[in-house]
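Notes follow the structure.
All heavy atoms count here, side chains included; hydrogens, waters and symmetry mates do not.
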Amino acid sequence: MTSATSAGRAVLVPERGFFIALVRDVRLAMRSRGELAQALAFFVIVVSLFPLAIGPESVILKRIAPGVVWVCALLAVMLTLPRLFQSDYADGTLEQLLLSPYPLALLCAGKMMAHWLTTGLPLALVAPLLGLQFGLDAAELGVMVASLLLGTPVLTMLGAIGAALVLGVRGGAILMALLVLPLYIPVLIFGAGAIEASLAGTDVAANLSLLAAILLFGFVGAPFAVASAVKISLD
C-alpha cells in the first residue's frame with residue numbers, strides 16, 4: 001500500500017508543482033497591478049506616438065507598423081523580466097524552491113507561464129486597437145495578434161534565462177539586456193515578417209510556422225535552461 005501511494009504521489013508531483021507556481025505568481029502579480037500597468041502603458045504610449053509624429057500618411061504608417069509594434073512589445077516584455085525572480089531571490093524563496101519536492105524545471109515553467117499571462121497576453125490583446133492607428137485591416141490585425149501570441153511566450157522564455165543568470169549581479173538589468181537581445185532577433189524578424197507578408201498579400205504561414213517551431217522548442221528546453229541558470233546563480 002505504501003509503495004502504491006508513493007507511486008501515485010510521484011505521478012502527481014510535477015503537475016502540482018507547475019500549477020502551484022503558476023497560481024502563486026499570478027496572485028502576486030495581481031497584488032501589484034501598478035507594475036503590470038507600467039508595461040502595458042509603455043506599449044500603448046510608445047506605439048501611439050509614431051502615428052502622431054509621422055502624420056496621417058497611410059502608406060508610411062502601414063510600412064512601419066510591423067517593426068514598431070514588435071519592437072515596442074519586445075521592450076515592454078523586457079521591462080517586466082526582473083520581477084520574474086528578483087523578489088523571490090531577495091526573500092529566499094528561490095532557495096526554498098530548490099529544496100521543494102517538485103522539479104525545479106516545472107516550477108520555473110509555472111513562473112514563466114504566469115509572467116506571460118500577466119504581460120505578454122495583455123500586449124497581444126490590446127495590439128489590434130493600436131494597429132487601427134496604422135490603418136491595418138481585419139486580416140492584418142489578425143496576423144498581428146497571431147504573431148504576438150506565438151512570439152511573446154518565446155520572449156518570456158528567453159528573457160527568463162537571462163533574468164535567472166544575472167540574479168544578484170550589480171547592474172544586472174543592463175547585463176540581462178546584453179544577454180537577451182541577440183536571442184530576441186529571430187523572434188523579432190519572424191514576428192514582424194508575418195505582418196509584413198500580410199501587408200504585401202503573400203503567404204504568412206512560413207513566418208508563423210517558424211514562430212510556432214521556436215515556441216515548441218522553448219516549451220521543451222526553456223524550463224530546464226532556466227532551472228540550470230537559477231542553480232548557477234544560487235551556488
Side-chain angles (χ1 to χ4, degrees), residues 25 28-29 32 34-50 64-91 93-94 108-109 111-124 126-127 130 147-193 195 210-211 214-215 217-219 221-235:
D25 276 33
L28 289 176
S32 55
E35 294 183 8
L36 300 181
Q38 288 176 5
L40 189 59
F42 172 87
F43 180 64
V44 171
I45 291 172
V46 176
V47 172
S48 300
L49 287 176
F50 282 87
I64 67 171
V68 168
V69 170
W70 258 96
V71 168
C72 292
L74 183 154
L75 295 176
V77 171
M78 285 195 65
L79 286 176
T80 63
L81 289 177
R83 70 177 172 84
L84 250 174
F85 298 109
Q86 190 59 51
S87 60
D88 289 343
Y89 175 79
D91 62 16
T93 301
L94 276 183
C108 292
K111 293 178 70 65
M112 288 187 288
M113 178 62 75
H115 180 271
W116 179 75
L117 289 175
T118 56
T119 302
L121 182 59
L123 297 182
V126 78
L130 302 177
S147 68
L148 288 171
L149 289 175
L150 291 172
T152 49
V154 180
L155 299 181
T156 291
M157 294 175 190
L158 295 175
I161 299 172
L165 284 173
V166 301
L167 285 174
V169 177
R170 181 173 296 180
I174 297 176
L175 181 58
M176 180 187 65
L178 294 175
L179 291 172
V180 168
L181 281 176
L183 301 177
Y184 279 176
I185 291 175
V187 184
L188 177 64
I189 292 173
F190 298 137
I195 307 172
L210 288 169
L211 280 177
I214 297 173
L215 178 59
F217 181 78
F219 276 140
F224 299 98
V226 174
S228 297
V230 169
K231 291 178 181 178
I232 292 172
S233 297
L234 294 179
D235 285 344

Output for pair (Leu210 CG, Ser147 OG), nearest 0.5 Å, gives 13.0 Å
Can you confirm whether Met157 sits close enough to Trp116 that some side-chain heavy atom of one is under 4.5 Å from a side-chain heavy atom of the other? no
Start with the C-alpha distance between Ser233 and Phe85, add both sets of side-chain angles, then the distance that settles side chain to side chain contact (heavy atoms under 4.5 Å, CB included), and finish with yes or no. CA-CA 11 Å; Ser233 297; Phe85 298 109; over 6 Å; no
Under 3.5 Å: donor-acceptor pair, side chain of Thr119, backbone of Val77: no
Can you name the closest pair of heavy atoms from Asp25 and Ala114 and give their distance? CB-CB, 3.4 Å
With side chain to side chain contact (heavy atoms under 4.5 Å, CB included) as the criterion, how do Lys111 and Asp88 come out once you've worked through the C-alpha distance, each side chain's angles and the decisive distance to 0.1 Å? CA-CA 11 Å; Lys111 293 178 70 65; Asp88 289 343; 2.5 Å; yes
Least distance between heavy atoms, Ala29 atom then Thr118 atom: CB-CG2, 3.9 Å
Are Leu148 and Trp70 packed together at the side-chain level, in the sense that at least one heavy-atom pair is separated by less than 4.5 angstrom? yes
Can you tell if the side chain of Leu211 reaches within under 4.5 Å of the side chain of Val187, non-hydrogen atoms only? yes
If you define the side chain from C-beta out and look only at heavy atoms, does anything of Phe43 sit under 4.5 Å from Pro122? no
The single option from Leu130, Val46, Leu49 that satisfies side chain to side chain contact (heavy atoms under 4.5 Å, CB included) with Cys72 is Val46
Answer whether the closest heavy-atom distance between the side chains of Gln86 and Leu167 falls below 4.5 Å. yes
Looking at side-chain heavy atoms only, is the closest gap between His115 and Leu81 below 4.5 Å? yes
Note, Met78 side chain near Leu181 side chain (heavy atom, < 4.5 Å): yes
How about Phe224: does its CZ atom have over 12 heavy atoms from other parts shown lying under 6.0 Å from it? no
All heavy atoms of Thr156 vs all of Met112, minimum pair found to be CG2-O, 3.5 Å
At their closest point, which heavy atom of Pro223 faces which heavy atom of Cys108, and how far apart are they? O-CB, 4.3 Å
For Ala192 and Pro66, the nearest pair of non-hydrogen atoms, with its separation, is O-CB, 3.5 Å
Taking all atoms of both residues into account, what is the closest heavy-atom pair of Leu158 and Leu183, and its distance? CD1-O, 3.4 Å
Working for side chain to side chain contact (heavy atoms under 4.5 Å, CB included), residues Leu94 and Leu234: CA-CA 8 Å; Leu94 276 183; Leu234 294 179; 4.0 Å; yes
Between atom CG of Leu155 and atom OG1 of Thr80, what is the distance when rounded to the nearest 0.5 Å? 10.0 Å
Just verifying a value: how many Å separate Leu121 CG and Leu149 CG, rounded to the nearest 0.5 Å? 7.0 Å
